[in-house]
Amino acid sequence: MLDSKLIRDNIEETAERLNVKGFELDIDAINELESHRKTIQVKTESLQNERNVSSKSIGQAKAKGEDIQPLLKEVGLLGDQLKKAHDELEIVKQQLHEKLSEIPNVPDADVPVGNSEEENVEIKRWGQPTSFDFEPKDHVDLGQENKEMDFDIASEITGSRFVVLRSGLARLHRALTQFMLDIHTQEHDYEETYVPYIVNRKSLFGTGQLPKFEHDQFTIQDDRGFYLISTAEVPLTNLVANQIIDAEKLPLKFVAHTPCFRSEAGSYGRDTRGMIRQHQFEKVELVWVTKPDDSYDAHEQLTQHAEVILQKLGLPYRVVILCGGDLGFSSAKTYDLEVWLPGQNAYREISSCSNMQDFQARRMHARWRNPNTGKPELVHTLNGSGLAVGRTLIAIMENYQDVHGRIHIPEALHAYMPGITVIG
RNA sequence: GGAGAGGUGGCUGAGUGGUCGAAAGCGACGGUCUUGAAAACCGUUGAGGGGUCUCCCCCUCCCAGGGUUCGAAUCCCUGCCUCUCCGCCA
């Protein structure tokens, strides 16, 4: 959520910056609601004041044993007026809140202009695309060859976009999560966290998945209005919802391994083959909560932490900065890490690291006490995948295959899979 | 699933329907004292929002949402959450 003062005092400039994201701000509608809000709020509050003063004087008169009947008569008329004004105010505030809830975060100044992922800008490359002296297969062929990756049985059990892993691949999948968690907790100083995989609407609103992206979420058939998490960002970031954090406790750094559930309603027909885009996948997620001045630096560090995993696994990748049009709803600035997939002969997203600045903090009332002002102020929140486990598994399969279709386990994982150096 | 208790400020914890945004204590901050610190003493100390907004004024908030009333932290209803005991269970 944007600062409503920004919307009030700087709406033209805000609208321009939102254009970079391809968002059309409805200036007239907002201005109209806002001026209505102001009028009716002032009216309501002055009526409330009037009532408070009168009621107080009734109390005093009664205490002195005076006749309160005339006073009662005087105040009687106020009730209806107040109720009417109050109801009207509630409606306007609600309308304004709904409007504001659907405005995305404003992109940072150094976010490149562009409409789609085609226009993201590469800023770094690590390693060279793996070369083979044979025609490399993609992970689907590799998995089917050694019978450890089964999409057909998964679709019998559930439906499309699910997978069953067995034996070596299932083991590798587990080893990857352990490996990632260990690196982030032991080398990068994150607090390991276990969180709910089911959340309520409030939490999803806090991180910005709701109200706009309801169709991406899996709902639970239940009258409590629960959802399966689409990312651990939701429970992890909401850890600081409605809090005022001591300055010396910042930054907070959380890591959690969770499954993620996405209905991917908007992407039918995209990445239908293989494990790239599933309804259920595992992710190790990194979340930072920082002072506003620290978030820029934190973003670089967070991204670096995700990169370390790829480096230790020896997976070639590049870093791109997302252009305005590809930037997520809540994000002011995002770096994507894209791993090299020989099977697709392309770099594909494996991690997305974003600085949300105060956008989520405002939605979830996450604050810190600024020692300089003594006042509670909004924190900045950041998150990134470190990494998407399923896609890392694919990347290892495709980059570490040999001519026989076997997969060689990267050395960094040997401690996590004792006795297994080759799968297939 | 059954029975009971309870949700008040950073924390503990009072609060006969009428200056209660809320006693008291703790904590924190400032000051006095001290070479310094501690102790002691004095003082300050909730959040959100609005207005003709550096002064100032006003509104809202005692889990949430309704209701009764001129007036609700206090009374009534509903929901949520927490705790205790029993049952069941990984």
Side-chain angles (χ1 to χ4, degrees), chain A residues 1-10 30-101 194-206 220 222-227 235 238-250 252 259 289 358 360-379:
Chain A
M1 198 115 90
L2 298 180
D3 188 350
S4 58
K5 290 194 177 73
L6 196 68
I7 297 287
R8 262 176 243 165
D9 306 335
N10 254 328
I30 289 175
N31 280 342
E32 195 177 318
L33 276 172
E34 173 53 27
S35 85
H36 187 193
R37 187 229 98 226
K38 185 163 164 178
T39 314
I40 195 68
Q41 180 164 347
V42 168
K43 182 178 170 192
T44 305
E45 289 186 358
S46 84
L47 283 169
Q48 280 174 328
N49 178 236
E50 223 175 300
R51 183 206 57 193
N52 290 348
V53 169
S54 300
S55 293
K56 211 163 270 183
S57 69
I58 290 175
Q60 283 163 351
K62 208 175 168 189
K64 288 184 205 150
E66 293 169 3
D67 180 18
I68 59 169
Q69 281 310 317
L71 288 168
L72 281 180
K73 200 171 262 176
E74 199 177 296
V75 140
L77 297 168
L78 267 176
D80 289 344
Q81 283 183 61
L82 211 168
K83 183 163 170 45
K84 207 175 141 223
H86 183 263
D87 289 350
E88 197 179 338
L89 178 63
E90 283 308 306
I91 290 168
V92 180
K93 278 171 111 174
Q94 182 58 30
Q95 286 171 338
L96 207 49
H97 183 257
E98 278 168 22
K99 265 270 190 293
L100 293 179
S101 299
Y194 174 80
V195 291
Y197 305 153
I198 295 176
V199 295
N200 57 32
R201 291 190 65 87
K202 219 170 31 181
S203 296
L204 282 164
F205 180 84
I220 300 218
D222 181 286
D223 53 13
R224 284 172 289 200
F226 285 161
Y227 295 78
N238 275 285
L239 243 25
V240 295
N242 299 309
Q243 292 197 40
I244 301 172
I245 301 158
D246 293 338
E248 57 271 23
K249 296 216 172 99
L250 296 174
L252 297 172
V289 178
D358 63 12
Q360 295 179 323
R362 187 172 292 106
R363 290 169 91 94
M364 64 174 72
H365 306 121
R367 294 152 298 165
W368 68 299
R369 196 170 294 277
N370 184 342
N372 297 324
T373 61
K375 290 289 169 197
E377 295 170 15
L378 296 170
V379 294

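In what follows, chains are A, B, ... by sequence order, proteins preceding strands, each numbered from 1. Just so you know, these numbers come straight off a predicted model, no measurement behind them.
B:A73 and B:G7: their P atoms are spaced 16 Å apart (whole Å). Separating the P atom of B:U16 from that of B:C63 is a span of 15 Å, rounded to the nearest Å. For the C1' atom pair drawn from B:G6 and B:G79, the interatomic distance equals 16 Å after rounding to whole Å. B:A64 and B:C26: their P atoms are spaced 29 Å apart (whole Å). Straight-line distance between the C1' atoms of B:C58 and B:U44: roughly 24 Å, to the nearest whole Å. B:U34 and B:G51 have their C1' atoms separated by 49 Å, with the value rounded to a whole Å. On the P atoms, B:G30 is 12 Å away from B:A37, given to the nearest whole Å. Taking atom P in both B:G9 and B:G15, the straight-line distance is 16 Å, to the nearest Å.
Using the Watson-Crick or G-U wobble rule with both distances under 3.5 Å, B:C62 pairs with nothing in any strand shown. In this structure, B:G17 forms no base pair with any nucleotide, since neither Watson-Crick nor G-U wobble geometry is met with both distances under 3.5 Å. With a 3.5 Å ceiling on both atom-pair distances, B:A90 lacks any Watson-Crick or G-U wobble partner. With a cut-off of 3.5 Å on both Watson-Crick or G-U wobble distances, the partner of B:A23 is given as none. Base pairing analysis places B:A3 opposite B:U84; the two distances defining the Watson-Crick or G-U wobble pair are each below 3.5 Å. A 3.5 Å limit on both hydrogen-bonding distances identifies B:A28 as the Watson-Crick or G-U partner of B:U44. Pairing for B:C56 goes to B:G51, judged as Watson-Crick or G-U wobble with the two contacts each under 3.5 Å.
Formation of a donor-acceptor pair under 3.5 Å by the A:Asn238 side chain with backbone atoms of A:Ser203 is found in this model. Between the side chain of A:Asp3 and the backbone N or O of A:Lys5 there is at least one donor-acceptor pair closer than 3.5 Å. In this structure a side-chain-to-backbone donor-acceptor pair under 3.5 Å is missing from A:Ser55 to A:Asn52.
Separating the CG atom of A:Asn370 from the P atom of B:U45 is a distance of 20 Å, rounded to the nearest angstrom. Taking atom CZ of residue A:Arg367 and atom C1' of nucleotide B:G46, one finds them 10 Å apart after rounding to whole Å. Atom CD1 in A:Ile40 sits about 21 Å away from atom P in B:C58, given to the nearest Å. Distance A:Lys56 NZ to B:G17 P: 19 Å, rounded to the nearest Å. Following rounding to the nearest Å, A:Asn242 (CG) and B:G10 (C1') show an atom-to-atom distance of 15 Å. In this structure, A:Gln243 places its CD atom 17 Å from C1' of B:G48, rounding to the nearest Å. Distance, A:Lys5 NZ to B:G48 P: 10 Å, rounded to whole Å. Regarding A:His86, its NE2 atom lies at a distance of 16 Å from the C1' atom of B:G71, rounded to whole Å.
The only option from A:Arg37, A:His36, A:Lys38 that meets the side-chain hydrogen bond (donor to acceptor under 3.5 Å, both in side chains) definition with A:Glu34 turns out to be A:Arg37.
Place A:Ser46 and A:Lys38 on RNA chain B by their nearest nucleotides, and A:Lys38 ends up nearer the 5' end. Mapping A:Arg37 and A:Ser54 onto RNA chain B by nearest heavy atom places A:Arg37 at the nucleotide closer to the 5' end.
The A:Val42 side chain lies nearest to B:G50 when the options are B:G50, B:A47, B:G71. The side chain of A:Gln48 lies closest to B:C59 when the candidates are B:G50, B:A47, B:C59. The nucleotide whose nearest atom lies closest to any side-chain atom of A:Ile58 is, among B:G50, B:U19, B:G18, B:G18. Looking at the side chain of A:Gln60, the nearest of the listed nucleotides B:C58, B:A47, B:U19 is B:U19. In this structure, of B:C70, B:A47, B:U52, it is B:C70 that holds the atom nearest to the side chain of A:Arg51. Between B:G49, B:A47, B:U60, one nucleotide has an atom nearer to the side chain of A:Arg369 than all others, and that is B:A47.
In this structure, the separation between CD on A:Gln95 and CD on A:Glu98 is 7.5 Å, given to the nearest 0.5 Å.
Side-chain nitrogen and oxygen atoms of A:Asn200 include none within less than 4.0 Å of the OP1 or OP2 phosphate oxygen of B:C80. Remark: A:Asn49 is in phosphate contact with B:C59, judged by side-chain N or O atoms under 4.0 Å from OP1 or OP2. The side chain of A:Asn52 contributes no N or O atom lying less than 4.0 Å from OP1 or OP2 of B:G71. Applying the 4.0 Å criterion to OP1 and OP2 of B:G66, one finds that A:Lys83 has every side-chain N and O outside that range.
The side-chain heavy atoms of A:Asn200 and A:Phe226, taken from C-beta on, include a pair separated by under 4.5 Å.
With 3.5 Å as the limit, one finds no donor-acceptor pair spanning the side chains of A:Gln94 and A:Glu90.
Heavy atoms only, all atoms of each residue included: A:Leu250 and A:Val289 are closest at CD2-O, 3.5 Å.
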